[in-house]
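Keep in mind that the numbers below use all heavy atoms, side chains included, and drop hydrogens, waters and symmetry copies.
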Amino acid sequence: MAALEEEVEDQERFSYEQRLKAAVHYTVGCLCEEVALDQGVQFSRQTIAAISEVTFRQCENFAKDLEMFARHAKRSTINTEDVKLLARRSNSLHMQEVAEVKKNSLLTFLAWWTSSQASAVPFPGGEARGVSKRQEGPPPQQVTRPDKAPCKNFFWKTFSSCK
């Protein structure tokens, strides 16, 4: 009986995964169609299928990572902190975030610069301020901490100790 129940559960899981893959394939197809109209390019069926498969695998990896982050924090629910950590860990997502921040900073600077040019004030506040120079000479010495005896209950797999 247990083997039969397990087989039914595997069939349901497989069916659910196939429905998810079909939804991803449909969405990728719609996106490729939009890009094709905007850019004047064509996507073959094999290309759309390959993009769909890679997207599905990447989403599986993201889901596993999110689950591990929540489990590491001893939670059973994935929250926004896990998603932020995933975005920071993923080079492509992190670089998009960095590019967005740089773009917003540049736009803010350009808006300020254009408005300051209109009022003919070179710096905010009206007067030129001295630009701070880097500190000359070697950097200040760091305070050395006395070596403590290592904890005997250090766990290498989790990189944590008893305290």
Side-chain angles (χ1 to χ4, degrees), residues 1-117 124 131-132 134-135 139 142 145 148 150-163:
M1 284 292 187
L4 182 61
E5 290 175 7
E6 189 175 311
E7 186 175 326
V8 169
E9 187 178 311
D10 286 344
Q11 284 291 346
E12 288 176 358
R13 187 178 297 125
F14 179 76
S15 174
Y16 183 70
E17 185 175 315
Q18 291 303 316
R19 287 193 309 250
L20 282 175
K21 282 186 177 182
V24 169
H25 184 77
Y26 175 76
T27 305
V28 168
C30 291
L31 290 171
C32 288
E33 191 175 301
E34 285 181 31
V35 170
L37 292 174
D38 288 345
Q39 303 295 322
V41 295
Q42 293 294 321
F43 291 94
S44 68
R45 291 179 188 259
Q46 294 85 2
T47 303
I48 294 172
I51 294 170
S52 299
E53 184 64 28
V54 168
T55 302
F56 189 79
R57 286 184 187 169
Q58 188 64 38
C59 288
E60 282 182 323
N61 290 338
F62 284 163
K64 289 176 186 174
D65 286 347
L66 288 169
E67 183 181 351
M68 296 300 273
F69 295 153
R71 189 179 299 156
H72 178 73
K74 296 177 177 47
R75 286 184 274 107
S76 59
T77 306
I78 294 170
N79 63 20
T80 56
E81 295 302 316
D82 300 322
V83 176
K84 288 178 184 177
L85 185 59
L86 176 71
R88 196 173 66 193
R89 184 175 167 266
S90 172
N91 283 339
S92 60
L93 294 175
H94 182 64
M95 292 316 250
Q96 287 175 356
E97 182 182 333
V98 168
E100 188 69 26
V101 168
K102 286 183 178 180
K103 181 180 100 176
N104 289 339
S105 297
L106 180 62
L107 289 174
T108 304
F109 171 75
L110 289 174
W112 167 81
W113 188 72
T114 347
S115 67
S116 69
Q117 289 297 322
V131 178
S132 62
R134 289 183 174 225
Q135 179 181 352
Q142 300 243 342
R145 294 178 21 203
K148 296 191 317 186
C151 178
K152 293 180 183 176
N153 297 327
F154 184 78
F155 304 106
W156 283 105
K157 285 188 177 181
T158 60
F159 296 105
S160 62
S161 63
C162 57
K163 292 184 180 182

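Residues K21 and E53 have side chains in contact (heavy-atom distance under 4.5 Å, counting atoms from C-beta outward).
Closest of all the heavy-atom pairs between V41 and V35 is CG2-O, 4.4 Å. Contact detail for S52 and H25: the closest heavy-atom pair is OG-ND1, 3.1 Å. Minimum interatomic distance between F69 and R75 (heavy atoms only, all atoms of both residues): O-NH2, 4.3 Å. Scanning both residues, D82 and A70, for their nearest heavy atoms gives OD2-CB, 3.6 Å.
A salt bridge links E9 and R13; the closest N-O separation between the charged side-chain nitrogens and carboxylate oxygens is under 4.0 Å.
Note that the CG atom of N61 and the CZ atom of R57 stand 9.5 Å from one another [nearest 0.5 Å]. Between the SG atom of C32 and the CD atom of Q39 there is a distance of 12.0 Å, given to the nearest 0.5 Å. Rounding to the nearest 0.5 Å gives a distance of 8.5 Å between CG of D65 and CD of Q58. Atom CD of E81 sits about 4.5 Å away from atom NZ of K84, to the nearest 0.5 Å. To the nearest 0.5 angstrom, R71 atom CZ is 10.0 Å from I78 atom CD1. Here the straight-line distance linking atom CG of L85 with atom CG of N79 works out to 10.5 Å at 0.5 Å rounding.
Enclosure of atom CD in E33 is not indicated, since only 12 or fewer non-hydrogen atoms of other residues, nucleotides or ligands lie within 6.0 angstrom.
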